[in-house]
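The sequence lines fix the lettering, A, B, ..., with proteins before strands; numbering per chain opens at 1. Below, all heavy atoms of this structure are taken into account, side chains as well, without hydrogens, waters or symmetry copies. Source: prediction; values computed, not measured.
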There are 2 protein chains.
Amino acid sequence: MASAEKRTGNVVVPEPTLRRLPLYHRFLKLLPMEQAVSCTRIGAELGLDPTQVRKDVEFTGIVGRPKVGYLVFDLVKAIERFLGWDNLSEAFLVGAGSLGAALLGYGKFEAYGMKIVAAFDADEHKVGTQVHGKLVLSMGELVDLAERMHVPIGIITVPAAVAQEVAEMMVAGGMQAIWNFAPVQLNVPKDVIVRNEDLYCSLAALSQKLAQKELRKERPSYVAE
Amino acid sequence: MASAEKRTGNVVVPEPTLRRLPLYHRFLKLLPMEQAVSCTRIGAELGLDPTQVRKDVEFTGIVGRPKVGYLVFDLVKAIERFLGWDNLSEAFLVGAGSLGAALLGYGKFEAYGMKIVAAFDADEHKVGTQVHGKLVLSMGELVDLAERMHVPIGIITVPAAVAQEVAEMMVAGGMQAIWNFAPVQLNVPKDVIVRNEDLYCSLAALSQKLAQKELRKERPSYVAE
DNA sequence: TAGATTGTTAATCGATTAACAATC
DNA sequence: TAGATTGTTAATCGATTAACAATC
């Protein structure tokens with residue numbers, strides 16, 4: 001990695017790396033903080049190639065010691081800083097249905113850089129109530145509040161049909177990132193970060209592999225036609 | 001693609017392809033079934049490279065007509081067959097907490113090849129009740145019922161601490177695939193399909209990009225040090 | 001026929017894996 | 001010192017993108 005990139009932090013990090021780093025973090029938290037750990041160890045523990053672990057870890061900018069590895073404490077902190085977990089970003093959740101409620105109850109998001117500060121719902125019966133300790137506000141307040149409070153993250157847990165509309169309100173409120181749980185492709189300005197959590201797409205991967213497995217069972221691949 | 005592979009269906013399909021096919025399917029469902037559609041059109045609509053769409057579509061085994069494209073109806077069916085959405089697989093959901101309840105309420109999974117037939121929970125107060133029309137059964141019945149009913153899919157929505165234990169019960173019951181929502185790496189025999197839906201890992205990607213974006217705002221990349 | 005699109009092969013790009021010198 | 005591990009460069013692998021002939 002070029003050192004200029006390292007210093008500015010302006011590097012495009014591969015998605016797979018971004019998804020593995022939290023895994024390392026989770027494993028490291030089980031270890032004594034003052035201990036040293038090697039990429040070999042992490043890889044062995046998680047069933048990953050040690051070289052891959054090293055590459056991933058390199059992105060955090062940490063410098064290790066040959067033969068020794070990294071101090072668990074330092075590596076944990078490096079990952080946290082790199083993933084932006086050290087400074088908490090506030091989030092609004094829109095759609096206090098059952099999925100929304102589940103997320104509001106997650107609780108541990110605060111350890112991962114995000115704090116859900118309020119929920120919004122179109123159902124006026126829900127407005128004013130609390131879900132897992134979070135107040136449900138009226139949709140009418142979303143844009144204005146997001147703008148005034150500078151809330152950077154919007155979480156969409158509304159039905160697909162109204163997701164685009166909600167996304168537009170979030171953009172209007174100046175939100176920087178959208179975590180979208182509705183099964184639709186959102187159309188937003190390209191400087192807005194969108195992360196789709198489309199369970200139907202995820203299920204598809206599982207479903208296809210299962211179907212292939214069943215197929216193989218009936219008709220093993222080594223059998224000629 | 002070699003034709004032998006095409007006929008047997010024993011091809012390793014790239015994950016990205018598997019995640020895009022449902023997107024095409026969703027778009028196609030909005031179109032008149034008797035109409036024709038080209039990969040160019042699909043790509044333009046979803047903001048994807050048309051060649052990539054063609055490659056993905058090729059995996060389903062469908063044959064198109066130059067200049068015309070594919071009949072929407074045929075392509076929809078080809079995707080459904082390929083992803084295994086045409087024959088419904090049964091699933092047990094374990095952990096009737098708020099996330100479990102949200103999934104039980106999803107409803108549309110049946111259109112995507114999976115039918116949740118029952119839920120299980122360790123809390124005896126929940127046993128016997130219904131969540132979104134699904135009966136909650138006792139954990140003690142899980143292994144035996146999975147085995148006798150040949151339920152191939154297990155959904156884990158229990159706390160991280162007990163997820164491994166639940167996974168082992170699912171394996172013991174002969175389950176083929178596990179959709180894991182608990183934030184832990186499961187240790188199961190390698191012939192069991194595992195799909196992790198780790199929200200903390202997902203959040204990490206969003207969080208890191210947001211942190212980088214904030215950083216760029218403060219200190220634009222074209223500024224020399 | 002002309003032009004658009006499929007099907008297929010080749011080139012590019014990026015991520016993973018391998019190799020190896022530097023180092024503690 | 002010997003051996004393990006880092007840091008770094010090269011090779012491999014797989015997915016994306018480009019090119020182009022076949023075809024309707």
Side-chain angles (χ1 to χ4, degrees), chain A residues 1-7 10-21 23-24 28 31 35-72 74-75 78-79 82 201 205 208-209, chain B residues 1-7 10-21 23-24 28 31 35-72 74-75 78-79 82 201 205 208-209:
Chain A
M1 198 187 312
S3 61
E5 286 173 339
K6 235 183 216 168
R7 270 168 305 188
N10 281 320
V11 193
V12 180
V13 189
E15 271 287 316
T17 295
L18 250 19
R19 295 187 67 89
R20 280 188 301 260
L21 282 172
L23 263 32
Y24 307 159
L28 292 169
L31 266 38
Q35 201 175 291
V37 68
S38 71
C39 294
T40 318
R41 169 95 188 281
I42 299 175
E45 206 75 36
L46 300 172
L48 296 169
D49 186 284
T51 312
Q52 184 171 71
V53 177
R54 193 145 337 112
K55 282 273 180 196
D56 290 341
V57 160
E58 200 183 358
F59 277 102
T60 68
I62 197 175
V63 175
R65 280 166 53 194
K67 162 124 177 163
V68 181
Y70 310 87
L71 198 65
V72 171
D74 293 345
L75 188 47
I79 293 175
F82 181 72
C201 291
Q208 193 272 346
K209 280 175 195 145
Chain B
M1 198 186 315
S3 61
E5 286 173 338
K6 234 181 216 168
R7 271 168 306 195
N10 282 320
V11 193
V12 180
V13 189
E15 271 287 316
T17 296
L18 250 20
R19 296 187 67 90
R20 281 189 299 260
L21 283 172
L23 262 33
Y24 307 158
L28 293 168
L31 267 36
Q35 201 175 290
V37 68
S38 71
C39 293
T40 317
R41 170 94 187 280
I42 299 174
E45 206 75 36
L46 299 173
L48 295 169
D49 187 284
T51 312
Q52 183 172 70
V53 177
R54 194 147 335 114
K55 282 272 179 197
D56 289 342
V57 159
E58 200 183 359
F59 277 101
T60 68
I62 198 174
V63 176
R65 280 168 52 197
K67 160 126 177 159
V68 182
Y70 310 87
L71 198 64
V72 171
D74 292 346
L75 188 46
I79 293 175
F82 181 71
C201 291
Q208 193 273 343
K209 280 175 195 147

Interatomic distance where NZ belongs to A:K67 and C1' belongs to D:dT6 [whole Å]
13 Å
If you assign A:V13 and A:R65 each to the DNA chain C nucleotide with the nearest heavy atom, which residue ends up on the more 5' nucleotide?
A:V13
Euclidean distance, atom CD of residue B:Q52 to atom C1' of D:dA19 [Å, nearest integer]:
17 Å
Any salt bridge linking B:R20 with B:E15? Criterion: basic side-chain nitrogen under 4.0 Å from a carboxylate oxygen.
no
Any heavy-atom pair between the side chains of A:F82 and A:L18 that's under 4.5 Å?
yes
Any-strand Watson-Crick or G-U partner of D:dT12, both distances under 3.5 Å
C:dA15
When rounded to whole Å, the CZ to C1' distance for the pair B:R20 and D:dT17 reads 12 Å
Separation of B:R41 atom CZ from C:dT6 atom P, in whole Å?
12 Å
Whole angstrom value for the distance that separates P of C:dT5 from CD of B:Q35:
13 Å
Picking from D:dT8, C:dT6, C:dA15, which would you name as closest to the side chain of B:C39?
C:dT6
What is the distance, to the nearest angstrom, from the CG atom on A:D49 to the P atom on D:dC13?
14 Å
In whole angstroms, how far is the P atom of C:dT8 from the CZ atom of B:F59?
13 Å
Could you pick out which residue, A:T51 or B:V68, lies toward the 5' side of DNA chain C when each is mapped onto its nearest nucleotide?
B:V68
Quick one: CZ on A:F59 to CD on B:Q208, what's the gap to the nearest 0.5 Å?
9.5 Å
In the structure I gave you, are the side-chain heavy atoms of B:E58 and B:K55 within less than 4.5 Å of one another anywhere?
yes
Starting at atom NZ of A:K55, determine the distance to atom C1' of D:dT12, rounded to an integer number of angstrom.
13 Å
Among C:dT16, D:dA22, D:dA15, find the nucleotide with the atom closest to the side chain of B:P66.
D:dA22
Taking only side-chain nitrogens and oxygens of B:Y70, does any of them come within less than 4.0 Å of OP1 or OP2 of D:dC24?
no
Could you tell me whether the side chain of B:I79 reaches within less than 4.5 Å of the side chain of B:L28, counting heavy atoms only?
yes
Identified pairing partner of D:dC24, criterion: Watson-Crick or G-U wobble below 3.5 Å:
C:dG3
Ranking C:dG7, D:dA15, D:dT17 by distance to the side chain of B:V63, first place goes to C:dG7
